[in-house]
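Remarks on the structure that follows.
All values below come from the heavy atoms of this structure, side chains included, with hydrogens, waters and symmetry mates left out. The model shown is predicted, which means the values in this text are computed figures rather than measured ones. Naming convention: chains lettered A, B, ... in sequence-line order (proteins, then strands); numbering from 1 in each chain.
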2 protein chains.
Amino acid sequence: MSSTTIDTPTKILTATLALLERPGAKLPTMSDIARASGVSRQAVYLHFPGRTDLLIAATRFQDMQNDVNAALTASRSATSGTERLDAFVTAWGNYIPKIYGVARAILAVVDTDAEAAAAWNTRMADMREGCAAAVQALAHEGTLPANVDPEQATDLLWTILSVRTWENLTQTCGWDQACYIDTVRGLALAALAQDVGALTDVLACPDPPA
Amino acid sequence: MSSTTIDTPTKILTATLALLERPGAKLPTMSDIARASGVSRQAVYLHFPGRTDLLIAATRFQDMQNDVNAALTASRSATSGTERLDAFVTAWGNYIPKIYGVARAILAVVDTDAEAAAAWNTRMADMREGCAAAVQALAHEGTLPANVDPEQATDLLWTILSVRTWENLTQTCGWDQACYIDTVRGLALAALAQDVGALTDVLACPDPPA
DNA sequence: CTGTCAATTGACACTGTGTCAAGCGACTTG
DNA sequence: CAAGTCGCTTGACACAGTGTCAATTGACAG
């Protein structure tokens, strides 16, 4: 029974993700979501207090499927600080496209909805910890220049890895995902590890026909 | 007469800017704007077709007062490519805080309103030209590595200088404006001019008490 | 058969945008 | 001075979207 019939909340969350992940989709209303779920609009409110809560639940639902931590903890096993930074940038950078649909919907309401803002900030704070850990690894092995403030270096790495930066380069400028990763990695290594060698190859990947 | 009495459209635009530039303000409704203008809500519609049009008009109104081109053309007179990049980054970076209030309001409706998106894209395309010119100046004097694609370098500079990046560093991370300018300049010089010297001082400005 | 639970239906309140029509006061022009 | 015009006000309305409420249905369990 539990294997054949699908739970209503699950149906709703699945439909929501499907709507959100359609590339170039307009942001769905509660009616859109209900229709896509094959359920009445009120049934949605029966399981989720409101639109924001539903979006946040969709985030968690998606995280369960993707298993964020698996990829990110991999970066924790890297030996050198530089390798660790590299692994973290790659892991997170490749994670962004998976969450972009939902992220976009949440970001769209972030400055009108305090609850959404809080949820997003928490998520970004988690990511920032990864940045901080990478920075600390660099500092520990002496790759990070002595005069730079770790806090500030973390802020910068966090900004370079922001969803907005990914959005700019891949969605607006039409960059290839691989190209984005290479560039962002080069930028991070240049800024934090002063790796001039990394810079040489930055921006050297084939330009997609814009 | 024309000096004592203020034009209604001007009153509306002035009030709109005042609302938009209040730090941390929630996005104003048409009623808010009318109230702040000391005018009826319908009077606003009498002069502006809709909310988006009003925001776009506010942008232009603000540009008249600020005179963008003055600061940006200054960067055009720089002799070396590196100096030019430097001047452009400084000019634009210091311009962002002036337009942020309005930019925030427009960005908030950009993915639901095609007209707003078009206006914003035009504005950003103008800025991108400045980036392209700076990149070309670097390429001309040979500072830009030969293997990098100028288009891609422009995209990257454009992203580094985006309003979102400024927002992340100064609003979310609480950075000082001067610190933002220094960092972004260092990042640009590192990425495009491979200037290791610039990197040394990146992230060396005093951290504001977050 | 009865109670319970999940879901449906349809109504409603509220906010915000945008439209419409009638009215009003001040100023111009015959 | 009367007539008209212009800019603005007032108040009503339509519409979309969110969120709430109450009555009803249908299935399933004791």
Taking any heavy-atom pair under 4.0 Å as a contact, classify A/Ser40: base, sugar-phosphate, or nothing.
base

Side chain to side chain, B/Met30 and B/Leu54, heavy atoms closer than 4.5 Å
yes

Could you please name the option among D/dT9, C/dT17, D/dT20 that lies closest to any side-chain atom of A/Gln42?
D/dT20

Atom pair distance, as rounded to whole Å: [atom1] in [X] and [atom2] in [N]:
X        : N      : atom1 : atom2 : value
A/Tyr45  : C/dT8  : OH    : C1'   : 16 Å
A/Asp113 : C/dT15 : CG    : C1'   : 15 Å
A/Leu46  : D/dT25 : CG    : C1'   : 14 Å
A/Phe48  : D/dT18 : CZ    : C1'   : 16 Å

Whichever of B/Pro9 and A/Thr52 has the more 5' nearest nucleotide on DNA chain D, that residue is B/Pro9

I'd like to know if the side chain of A/Thr159 pairs up with that of A/Ser162 as donor and acceptor (distance under 3.5 Å, no hydrogens or angles considered).
no

Is it true that the side chains of A/Glu115 and A/Trp120 contain a donor and an acceptor less than 3.5 Å apart?
no

Can you tell me if A/Gln136 has over 12 outside heavy atoms packed within less than 6.0 Å of its CD?
no

Please determine whether a side-chain nitrogen or oxygen atom of A/His47 lies at a distance below 4.0 Å from atom OP1 or OP2 of C/dA7.
yes

